[in-house]
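What follows is a single structure, written as C-alpha cells, with notes after it.
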Amino acid sequence: MREEIRKRMVQRLGLWTSGQELAASLGISRAAVWKAVSSLRAEGYDIEASRRGYRLSTIPDLLREDIIKGGLDTKFVGRTVIAHPSLPSTNAEAKRIGPSAEEGTVVVAEVQTAGRGRMERYWHSPRGGLWMSVILKPKIPPSQAFRVNMAASVAVARALGGLYDLDVRIKWPNDIMVRDKKISGILTEIGADMDSLDYAVVGIGINANIDQRSLPEEGRATSISWELGREVLLVELASRVLTELERCSKELASSFDQVHLEWSQRSATLGRRVRITTRNGEFEGEAVDLDADGALLVERDGGQIDRVVAGDCVHLRPSK
Ligand code: BT5
C-alpha cells in the first residue's frame, strides 16, 4: 500500500490529494494512509500534511523505480527499472534475470554488500555511490563482447564530462579516471552460446557522493563529490548515464568506428608506457593502439607488438 501511495504522490507532484480520496480509492482506512505517509517520510519523502490532504513538493534524490523513470527520456534503456535498497551485487541479480529480461532493463541498488570487480575482486559499494547494471542484447558475436564494455566506458565518460565538466579519461580495459584516479569501474559480463550473444550485463559503479578517504586503493581512487567539493544528485547522474548508454549502444550496432574513435580520444592509456599483467606473466612497453575488438596493442622495447585481450594495466610514466 505504501508503494501505491508513493506512486500517487510522485505522479501528483506539487498537488494536494485529500486523505479521504486516497483512502477511498485504495480501499483502506485514513489511519492506514497516515501510517504509509509516515513511513515514506522516514524514507526521505518530504510529504506535507494539512487539512487539504497530502502533498509532495519536491522529488527526493532516491534511486527508486518511479523517480529514475520519471527523469528518463530513453527508448529502451530504463523502460524497466528494478530498484533495491540493498543487493549483494546488481550484476549478479541482472545475470540471474538476463535471459528473460527485456533489453534495457536496469537493476540498481543503494548499497551492494558483495559488489564485484573483474576476476571476482571486491568492489567497495557504500551508500552515496551509483551501483547499477543494465541488460543489453546487442546483435554481435561473443568475440565482440568487449565492444559493449567500450561503449559503456564512453557513455560514462560522456556523462561525467557533460554533467560536471570533469576531465574524464578511460584507462584500459575498464576504468574511468579523473586526475589519474579511479572514479568509476565497469564490469561487462555476458551470457552466450558458441556463436551468438544472448545478453550482456553492463555493471557500472560510480563513486558519486563518497568521502575519498573511505575508498580503497590509498589515494588512487576518487569520487565526484571529492573532485567537485559538493554532492551531486544521484538520480540526475543515473539518468544521464542511461541516456548516454542508450546512444552508445545504438552506435555500437550502427557506427562502431565512432565509439572506437571516441574511446581512443578519451584514452588515458594510449601513448603511455604501461606494465601489463596477464595470465601468462608480466611485461612493459608502450600502449600504441586499441584494435576493433578492444584488445590493447603494446609495443615492447624490442619493437615486437603484443595484442593484449585481457589483463591488468598499470600506467608508468607518460611517453615522450
Ligand atoms: C572494476 O573491476 O573496476 C569493475 C567494477 C564494477 C562495479 C559495478 S557496481 C555495479 C555492478 N555490480 C557489481 O557487483 N559490479 C558492478 P576491477 O578493474 O577488477 O577493479 C577492482 C579493483 O578496484 C579492486 O581490486 C580495488 O582495488 C579497486 N576498488 C574497489 N572498489 C573501488 C571503488 N569503489 N572505487 C575505486 N576503486 C575500487
Side-chain angles (χ1 to χ4, degrees), residues 63 68 81-98 105-136 145-146 148-150 152-153 155-157 159-160 168-190 199-227 234 237-238 241-242 245 268-269 274-279 294 296 308-315:
L63 294 168
I68 295 174
V81 174
I82 301 166
H84 292 267
S86 171
L87 273 179
S89 153
T90 57
N91 259 40
E93 177 61 11
K95 273 171 76 178
R96 191 180 70 76
I97 62 170
T105 297
V106 174
V107 179
V108 59
E110 285 167 18
V111 173
Q112 291 185 123
T113 51
R116 301 199 304 235
R118 290 176 301 139
M119 297 169 271
E120 303 299 319
R121 286 176 189 145
Y122 168 67
W123 182 259
H124 182 60
S125 323
R127 187 173 301 284
L130 180 61
W131 324 120
M132 64 179 181
S133 302
V134 185
I135 298 167
L136 296 177
F146 195 82
V148 180
N149 206 55
M150 285 168 71
S153 303
V156 172
L160 298 184
V168 189
R169 304 267 134 205
I170 303 172
K171 175 173 173 284
W172 186 90
N174 66 332
D175 296 348
I176 308 297
M177 315 289 285
V178 169
R179 289 192 307 123
D180 237 8
K181 295 173 201 292
K182 184 158 171 173
I183 202 162
S184 163
I186 292 165
L187 175 66
T188 302
E189 299 182 275
I190 58 165
Y199 64 90
V201 167
V202 180
I204 298 174
I206 303 180
N207 299 329
N209 300 323
I210 300 176
D211 188 330
Q212 191 246 9
R213 290 162 293 193
S214 72
L215 288 168
E217 294 291 287
E218 289 154 12
R220 280 186 287 139
T222 192
S223 67
I224 302 174
S225 59
W226 186 262
E227 294 302 316
L234 287 178
L237 173 61
V241 170
L242 294 174
L245 188 64
T269 303
V274 293
R275 183 183 309 120
I276 299 290
T277 312
T278 68
R279 254 181 291 173
L296 191 67
V308 190
V309 181
D312 278 314
C313 165
V314 176
H315 289 168

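Being a predicted model, the structure only gives us computed values, none of them experimental. Atoms within each ligand, like the ligands themselves, are counted from 1 in listed order.
For the side chain to side chain contact (heavy atoms under 4.5 Å, CB included) test, residues two or more places apart in sequence or in another chain that qualify with N149 are F146, N174, I186, T188. Remark: N209 pairs with no residue by the side-chain hydrogen bond (donor to acceptor under 3.5 Å, both in side chains) rule, at least two apart or across chains.
Under a cut-off of 6.0 angstrom, the local environment of CZ in R213 is sparse, with at most 12 non-hydrogen atoms contributed by other residues, nucleotides or ligands.
Within 4.0 Å of ligand 1, contacts by protein heavy atoms are made from S89, T90, N91, Q112, G115, R116, G117, R118, R121, Y122, W123, H124, M132, S133, N174, D175, K182, G185, I186, L187, G203, I204, G205, N207, L215, P216, E217, A221.
The salt bridge (Lys or Arg N to Asp or Glu O under 4.0 Å) analysis of residues 85-95, with sequence neighbours excluded, yields the pairs E93-R96, K95-E189.
A donor-acceptor contact under 3.5 angstrom links the side chains of N91 and S133, judged on distance only.
For the pair R121 and D312, the salt-bridge criterion is met [side-chain N within less than 4.0 Å of a carboxylate O].
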